[in-house]
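Here is how names work: the chains are called A, B, and so on, in the same order as the sequence lines, proteins then strands, and each is numbered from 1.
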2 protein chains.
Amino acid sequence: MKSFDLADYLPYRLAALSERISRRLALEYGQSHGLSMAEWRVLVHLSRHSEVSVGEICTYVNLEKPRVSRAVARLESAGLVNKYNAKDDHRLVAISLTDKGTDALKEIIAAALAYEKRLTAALTPKDMERLLEIAEKLHGVLDKDPLSMPRPEIDRN
Amino acid sequence: MKSFDLADYLPYRLAALSERISRRLALEYGQSHGLSMAEWRVLVHLSRHSEVSVGEICTYVNLEKPRVSRAVARLESAGLVNKYNAKDDHRLVAISLTDKGTDALKEIIAAALAYEKRLTAALTPKDMERLLEIAEKLHGVLDKDPLSMPRPEIDRN
DNA sequence: TCAATATCATTTCGTTTGCAACGAACGAAA
DNA sequence: TTTCGTTCGTTGCAAACGAAATGATATTGA
């Protein structure tokens, strides 16, 4: 039997690190505002785009459609977003932040940025540059692999 | 409102990359042998350790106890592992690979290593070294954060 | 020795997840 | 206009998930 150690396996290492970071980050928007990761990502997208559809949010925040749909529903009943029918195309939906959502997001973004700062403070600028460069190389491999899921729109270059 | 782009947010970037890799990898052990990620990790641990308990697997493969317990149950009914009561301490369970499990694992490990090779082929040795170094720095930040989950045993440098 | 406490694996229970099916609304072609 | 195929968002459903409860065994301390 070939020797195989999870601890040295790149996909595992990345997953473990990423999960550890994500779970810690989830406390920032979870404990303070009771949001899930999906809800947090939806809000973030809305901070930059208004009157957007569920589908657009999906491609941008890299989540499945049912998940975004349910996240939006919860955000709506929490009063953080508005949801209308799109004027021109009645299949689509037009989602926007409410004032309450805007206020909540302001706080959460501040917390999220502060948390990111704590992480990146341990890295040199060169580290950061290299990390993104390496990530790009790995994405490049997956891009050429037809069995891989498409690269998230947001993560192009 | 402060500008905030998910695309530039380190925790998101890591999560997106890691998930893309994990999902592609899952095809290797999923389509060929019908295994879940939890089952795959359990098998991997068993390739190096015999007569282990559920708890030990947990700390090593970084999964919650119910998840490992169920993974082991499925692996057992698939005939890939044996599960006895530990000789000395009857609360513990002693899990080992069967011959069938050993054979399956041999194939899966080969596929997993081949897949990893495709990824790392895009990286220089220096890249790899730097990536691990950066990961270590990020873990270091989390280690000092009491709100963060404990670092996976396996990932201690 | 015998409670009281701790540890281990499993199971229970409520929630979340994603695939697939669905109905509604659009666009194209006849 | 009508019909067919497509694209929306939502929902049904079964599987997976994790926190907490459970039951079984060990260990500790009186």
Side-chain angles (χ1 to χ4, degrees), chain A residues 15 19-20 22-24 26-27 29-31 34-42 45-46 51-78 81-96 149-150 152, chain B residues 15 19-20 22-24 26-27 29-31 34-42 45-46 49 51-78 81-96 149-150 152-153:
Chain A
E19 197 200 336
R20 201 170 176 220
S22 288
R23 282 164 85 115
R24 176 59 183 83
L27 297 180
Y29 48 72
Q31 297 194 329
L35 299 179
S36 71
M37 189 196 66
E39 289 153 9
W40 141 258
R41 287 194 188 176
V42 168
H45 181 63
L46 292 176
E51 314 284 320
V52 290
S53 67
V54 168
E56 183 191 324
I57 299 178
C58 281
T59 64
Y60 195 81
V61 307
N62 197 24
L63 293 173
E64 319 292 330
K65 209 163 14 169
R67 210 155 154 204
V68 170
S69 178
R70 291 189 251 245
V72 168
R74 281 189 298 258
L75 288 171
E76 188 189 22
S77 69
V81 308
N82 284 325
K83 198 171 75 172
Y84 306 110
N85 287 349
K87 290 273 187 291
D88 45 338
D89 188 335
H90 277 234
R91 292 171 305 179
L92 279 69
V93 99
I95 304 160
S96 299
M149 72 189 228
Chain B
E19 196 199 337
R20 200 170 177 220
S22 288
R23 282 165 85 115
R24 174 61 183 82
L27 297 179
Y29 48 73
Q31 296 193 331
L35 299 179
S36 70
M37 189 195 65
E39 288 152 10
W40 141 258
R41 287 193 187 177
V42 168
H45 181 63
L46 292 176
H49 303 84
E51 315 285 321
V52 290
S53 68
V54 168
E56 183 191 322
I57 298 178
C58 280
T59 65
Y60 196 81
V61 307
N62 198 24
L63 294 173
E64 317 293 330
K65 208 159 22 165
R67 210 153 152 206
V68 170
S69 178
R70 291 188 252 246
V72 168
R74 281 188 299 258
L75 289 172
E76 187 188 22
S77 70
V81 307
N82 284 325
K83 197 171 74 172
Y84 307 110
N85 287 349
K87 290 273 187 292
D88 45 339
D89 188 335
H90 278 235
R91 292 171 304 179
L92 279 69
V93 99
I95 304 160
S96 299
M149 73 189 229
E153 265 314 311

Side-chain N,O (B/Lys83) to OP1/OP2 (C/dT10) below 4.0 Å: yes
Regarding B/Arg67, tell me which of base, sugar-phosphate or nothing describes its non-hydrogen contacts under 4.0 Å with the strands shown. sugar-phosphate
Length of the CE-C1' vector between B/Met37 and D/dA15, whole Å: 15 Å
Rounded off to whole Å, could you give me the CG-to-C1' distance for the B/Asn85 and C/dT10 pair? 13 Å
Watson-Crick or G-U wobble mate for C/dG14, both contacts under 3.5 Å: D/dC17
Side chains of A/Arg91 and A/Ser53, heavy atoms from C-beta outward: is any pair under 4.5 Å? no
Taken to the nearest whole Å, CG/B/Asp88 to P/D/dA24 is 20 Å
How many Å lie between CG on A/Asp89 and P on C/dA28, as a whole number? 12 Å
Is A/Ser36 touching bases, backbone alone, or none of the nucleic acid, heavy atoms closer than 4.0 Å? nothing
Under 30°, 30 to 60°, or over 60°: which ring-plane class applies to B/Tyr60 and B/His45, parallel, tilted or perpendicular? tilted
To the nearest 0.5 Å, what is the distance between CG (B/Asn82) and CD (B/Glu76)? 7.5 Å
To the nearest Å, how far apart are B/Glu64 CD and C/dT15 P? 19 Å
By nearest nucleotide on DNA chain D, pick out whichever of A/Leu92 and A/Pro66 is the more 5' one. A/Leu92
With a 4.0 Å cutoff (strictly under), does any side-chain N or O of B/Ser69 reach OP1 or OP2 of C/dT10? yes
Taking for B/Lys65 and for A/Arg91 the nucleotide of DNA chain C with the nearest heavy atom, the one nearer the 5' end belongs to B/Lys65
Can you tell which of C/dT10, D/dT10, C/dC19 lies closest to the side chain of A/Arg70? C/dC19
The reported gap from NZ in B/Lys87 to CD in B/Glu51 (rounded to nearest 0.5 angstrom) is 7.5 Å
Select from B/His90 and A/Val68 the residue whose nearest nucleotide in DNA chain D is closer to the 5' end of that strand. A/Val68
Closest to side chain of B/Val54, choosing from C/dG18, C/dT10, D/dT11: C/dT10
What is the separation between atom CG on A/Leu63 and atom P on C/dT16, rounded to the nearest whole Å? 15 Å
Within this structure, what is the CD-to-P distance between A/Glu56 and D/dC8, rounded to whole angstrom? 11 Å
Gap between atoms CD and C1', on B/Glu39 and D/dA16 respectively (whole Å): 11 Å
Between CZ of A/Arg41 and CG of A/Leu63, what distance do you get to the nearest 0.5 Å? 5.0 Å
